Trainee: 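Submitted below is the structure of interest, expressed as C-alpha cells.
All values derive from a computational prediction rather than experimental measurement. Both ligands and their constituent atoms are indexed starting at 1 by order of listing.
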Amino acid sequence: MQSFDAIVIGAGVIGSSVAYHLARFGARNVLVLERTQIGAGTSTQSSGILRTHYSVIENVELARQSWSVFTDFANYLGDAEASAGLVKCGYLICAPEGLKLDPLRQALEGQRAKGITVDFLDQSTARDLLPIAHFDDAALIGYEPEAGFADAYLVATGFARAARRLGVKIMEGVNVEKLLTENGRVVGVQTAQGTFHSNTVISTQNIWAGDIERWTGISTPVKAERHTVLALEGPEAYSFKMPVFKDLGSPGMLYCRSYGGKQMLVSEGTVGETLAEPDNEQGDIPMDYVAEIGEQVAERFPSFGEAGLASAWTGVYDVTPDWNPVLGRLQGLQGLVVGYGFSGHGFKLSPGVGRVLAQEALGLATDVALAPYALERFSTGQLLTGKYGLGAVS
Ligand SMILES: Cc1cc2nc3c(=O)[nH]c(=O)nc-3n(C[C@H](O)[C@H](O)[C@H](O)COP(=O)(O)OP(=O)(O)OC[C@H]3O[C@@H](n4cnc5c(N)ncnc54)[C@H](O)[C@@H]3O)c2cc1C
C-alpha cells in the first residue's frame, strides 16, 4: 500500500487548484486521483465568467483573491507558458424597477465597501460599452472593470502541470471506489488500481460528491442540475472588448459574453433540470427552448432578432439548497476535507478555494473563514442564499 501526505479526489478546476496549493504550502507527497481526465468533469462545460459581483458578501473576498490569480496566472504558477485564456472585458449588470433593484444596489455597495472598483453607469455610458444592447428599462446599472472571462480547461491543466512540477502525482483513469476509515478517521482510499493510504483526503468531486454520503453516511446535500448554453451569431459582433452582461430584467436572468470575438454565448441564470443521477453527458436542447431564449436576447439586443444558432451544449451544476458550496472539514470524521456544491459559480472561485482547502487540510490558518461554508448551515438555518433568487448570481 502506497502512502501519501494527502490525497485529492477529482482533478477539475477545484481539485487541480487544491493539489497545486498543497504542494505550494509545502506538502511534498501528494496524490490526485481522477476517474477520467483532468478537467473532463464539469469544468470544461463552464462559461468561464469571472467577476467579484455577488449578493452573498462572503463570496466577494474569495472571488477577489481568485481574480488576482487569474490576472497573473503565469507568474502565480511560476510557469511562463501557463495561460488562463483571460479576456479582461469587464462585467456589466443591470436591473429595472422592481424586486431586483435593491439587492443589486446593496451588492454593488457591498463590493465598494470592500474596496473593489464598481461604477454606477447611466444608460448612455452603458451603451458606449455595449453598443449592441439597449438599456431603456434599466433603473440601475453597475460596471466592474476588473472582470471578464477565462478558459476553465486551461486553468485546470495549468494548475495540474504546476502541481506536477512541484512533485504532485496525478493519476488519470482511476476511480475512487471507497473511502477507508478507522476509528472515526480517514486512512486512505480504495480503487481498482490498488489502495492508497493517507490520513488526509480532500474530496473535490462536484456532482459526484454524493459518494461521500454513500461512503461515510454523512449527509451531502447536492444535486446535479443540467443547464443549456447557446452560441448565437447575429449581424453585429459581440466583440472581445464588450463586457460580460448580466440582465436581471430578463425572465431568465440571462448572462451573455463574447464567444470567439464575434458570437454571443448566452445562458439562463435560473433553476435548471434536475437529474436523477449525476451525469455530465450532453442533454437534449429543444428548438422551442432555443426560440424562447432567442426572444429574450432580442428584447435586449435588437439586432439579435435575426441571429442564428451557431452551437449549443449542456453542462451540469452541483447545486446545494442555498446555491453555495460546502467547504472544509466534516464533523464526526477526522481527516476529510470537502469542496463541493459550487452551484454554477465555482470557476471564478477556484484559485481561492484551492488555497483555503489546502490550508485547511494542512492545518494552516485559512485566508478566509470557512465557518460560513460549513455543512452545518443546512441544519442551523444560517444559509448563504443569494438575494436575486436561486440560480442567479448568488
Ligand atoms: C454550463 C456551465 C456554466 C458555468 N459557468 C460558470 C461561469 O461562468 N463562471 C463560474 O465561475 N463558474 C461557472 N460554472 C461552474 C464551474 O464551471 C464549476 O463550479 C467548476 O468547474 C467545478 O469544478 P470542480 O473541480 O468542482 O468540478 P469538476 O470539473 O466536475 O471536477 C470533479 C472531478 O471529480 C472527478 N471524480 C468524481 N468522483 C470521482 C471518484 N470517485 N474518483 C475519481 N474521480 C472522481 C470527476 O471525474 C471530475 O473530473 C459553470 C458550470 C456549468 C456546467
Trainee: On a heavy-atom basis, I'd like to know which of Asn175, Thr191, Val8 is closest to atom 40 (C) of ligand 1.
Mentor: Asn175
Trainee: Strictly below 4.0 Å, N to O, side chains only: are Asp79 and Arg164 in salt-bridge contact?
Mentor: no
Trainee: Could you tell me whether some N/O pair between Phe347 and ligand 1 is separated by less than 3.5 angstrom?
Mentor: yes
Trainee: Using a strict 4.0 Å cut-off to heavy atoms of Val13, name the atoms of ligand 1 that fall inside it.
Mentor: 20 (C), 21 (O), 23 (O), 25 (O)
Trainee: Could you tell me whether the side chain of Glu233 and the main chain of Ala310 form a donor-acceptor pair under 3.5 Å?
Mentor: no
Trainee: Using a strict cut-off of 4.0 Å, indicate which atoms of ligand 1 neighbour a heavy atom of Gln45.
Mentor: 1 (C), 2 (C), 3 (C), 52 (C)
Trainee: Hey, is Glu34 one of the residues with a heavy atom under 4.0 angstrom from ligand 1?
Mentor: yes
Trainee: Spell out, as yes or no, whether a donor-acceptor pair under 3.5 Å connects the side chain of Tyr91 to the backbone of Ile49.
Mentor: no
Trainee: For side-chain contact (heavy atoms from CB on, under 4.5 Å), just list the numbers for Glu236 and Ser303, CA-CA rounded to whole Å, side-chain angles, deciding distance to a tenth of an Å, and then say yes or no.
Mentor: CA-CA 7 Å; Glu236 296 178 290; Ser303 69; 2.6 Å; yes
Trainee: Please check whether Ser47 reaches ligand 1 - meaning an N/O of the residue sits under 3.5 Å from an N/O of the ligand, judged on distance alone.
Mentor: yes
Trainee: Consider every N or O of Thr42 and every N or O of ligand 1, then say whether any pair is closer than 3.5 Å.
Mentor: yes
Trainee: Okay, side chain of Glu268, backbone of Leu254: is any donor-acceptor separation there less than 3.5 Å?
Mentor: no
Trainee: Would you check the N or O atoms of Gly48, main chain and side chain alike, for any that come under 3.5 Å of an N or O of ligand 1?
Mentor: yes
Trainee: Under 4.5 Å side-chain heavy-atom separation, chaining through any Ile, Leu, Val, Met, Phe, Trp or Tyr, what else clusters with Ile207? Say none if it is isolated.
Mentor: Trp208, Leu275, Val316
Trainee: Are Asp136 and Gln123 linked by a side-chain donor-acceptor pair shorter than 3.5 Å?
Mentor: no
Trainee: Under 4.0 Å from a heavy atom of Ile9: give me the atoms of ligand 1 that qualify, with their elements.
Mentor: 39 (C), 40 (C), 42 (N), 43 (C)
Trainee: For ligand 1, which atoms sit closer than 4.0 Å to a heavy atom of Val316?
Mentor: 53 (C)
Trainee: Among Ser267, Gly10, Gly346, which one puts a heavy atom closest to atom 34 (O) of ligand 1?
Mentor: Gly10
Trainee: Does the structure place the NZ or CZ of Arg165 under 6.0 Å from the centre of the six-membered ring of Tyr20, at an angle of no more than 45° from the ring's axis?
Mentor: no
Trainee: Examine Gln37 against ligand 1 and note whether any of their N/O atoms are separated by less than 3.5 Å.
Mentor: no
Trainee: Please check whether Gly344 reaches ligand 1 - meaning an N/O of the residue sits under 3.5 Å from an N/O of the ligand, judged on distance alone.
Mentor: yes
Trainee: Taking salt bridge (charged side-chain N to carboxylate O under 4.0 Å, His left out) as the cut-off, I'd like each qualifying pair that reaches into residues 175-190, sequence neighbours left out, listed once.
Mentor: none
Trainee: Only heavy atoms count here, so choose which of Val18, Ile49, Thr44, Leu33 is nearest to atom 9 (N) of ligand 1.
Mentor: Ile49
Trainee: Any donor-acceptor pair under 3.5 Å linking the side-chain atoms of Tyr255 with those of Ser47?
Mentor: yes
Trainee: Below 4.0 angstrom from a heavy atom of Gly41, which ligand 1 atoms are there? Numbered from 1 as shown, please.
Mentor: 30 (O), 48 (C), 49 (O)
Trainee: Should the proximity of Val174 to ligand 1, defined as any heavy atom under 4.0 Å, be assigned to the side chain, the backbone, both, or neither?
Mentor: backbone
Trainee: Is ligand 1 less than 4.0 angstrom away from at least one heavy atom of Asp318?
Mentor: no
Trainee: I need the single residue from Glu144, Arg64, Lys114, Glu61 that forms a side chain to side chain donor-acceptor pair (under 3.5 Å) with Thr52. Which is it?
Mentor: Glu144
Trainee: Between Pro325 and His345, which heavy-atom pair has the shortest distance, and what is it?
Mentor: CD-CE1, 4.3 Å
Trainee: Is the side chain of Thr366 donor-acceptor paired with the backbone N or O of Val356 at a distance under 3.5 Å, no angle test?
Mentor: no
Trainee: Are any of the N or O atoms of Asn206 closer than 3.5 Å to those of ligand 1?
Mentor: yes
Trainee: Among all protein non-hydrogen atoms, which one is nearest to atom 32 (C) of ligand 1, and what is the separation to 0.1 Å?
Mentor: Thr204 O, 3.4 Å
Trainee: Under 4.0 Å, heavy atoms only, figure out whether ligand 1 is touched by the backbone of Lys348, its side chain, both or neither.
Mentor: both
Trainee: What I want to know is whether Val229 and ligand 1 share at least one N or O pair that is separated by under 3.5 angstrom.
Mentor: no
Trainee: Among protein heavy atoms, which lies nearest atom 52 (C) of ligand 1, and at what distance?
Mentor: Tyr317 CE1, 3.4 Å
Trainee: For atom 42 (N) of ligand 1, state which one of Val176, Leu50, Val155 supplies the nearest heavy atom.
Mentor: Val176
Trainee: For Ile14 and ligand 1, does the shortest N/O to N/O distance drop below 3.5 Å?
Mentor: yes
Trainee: Relative to the ring of Phe301, is the ring of Tyr238 parallel (under 30°), tilted (30 to 60°) or perpendicular (over 60°)?
Mentor: tilted
Trainee: Regarding ligand 1, does Ser43 bring an N or O atom to under 3.5 Å of one of the ligand's N or O atoms?
Mentor: yes
Trainee: Report the relative orientation of the aromatic rings in Trp323 and Tyr317; use parallel for angles under 30°, tilted for 30 to 60°, perpendicular for over 60°.
Mentor: perpendicular
Trainee: For ligand 1, note which part of Asp211 has a heavy atom under 4.0 Å away: side chain, backbone, both or neither.
Mentor: side chain
Trainee: Does Glu146 come within less than 4.0 Å of Arg51, counting only side-chain N to carboxylate O?
Mentor: no
Trainee: How far is atom 45 (C) of ligand 1 from the closest protein heavy atom, and which atom is that?
Mentor: Arg35 CB, 3.9 Å
Trainee: As an exercise, identify every atom of ligand 1 less than 4.0 angstrom from a heavy atom of Gly315.
Mentor: 1 (C), 53 (C)
Trainee: I want to check something: taking the side chain as every heavy atom from C-beta on, are Phe25 and Gln359 in contact at a cut-off of under 4.5 Å?
Mentor: yes
Trainee: Can you list the atoms of ligand 1 that are under 4.0 Å from a heavy atom of His345?
Mentor: 10 (C), 11 (O), 12 (N), 15 (C)
Trainee: Need the ligand 1 atom indices (1-based, order shown) with element for anything under 4.0 Å from a heavy-atom of Gly12.
Mentor: 25 (O), 29 (O), 31 (O)
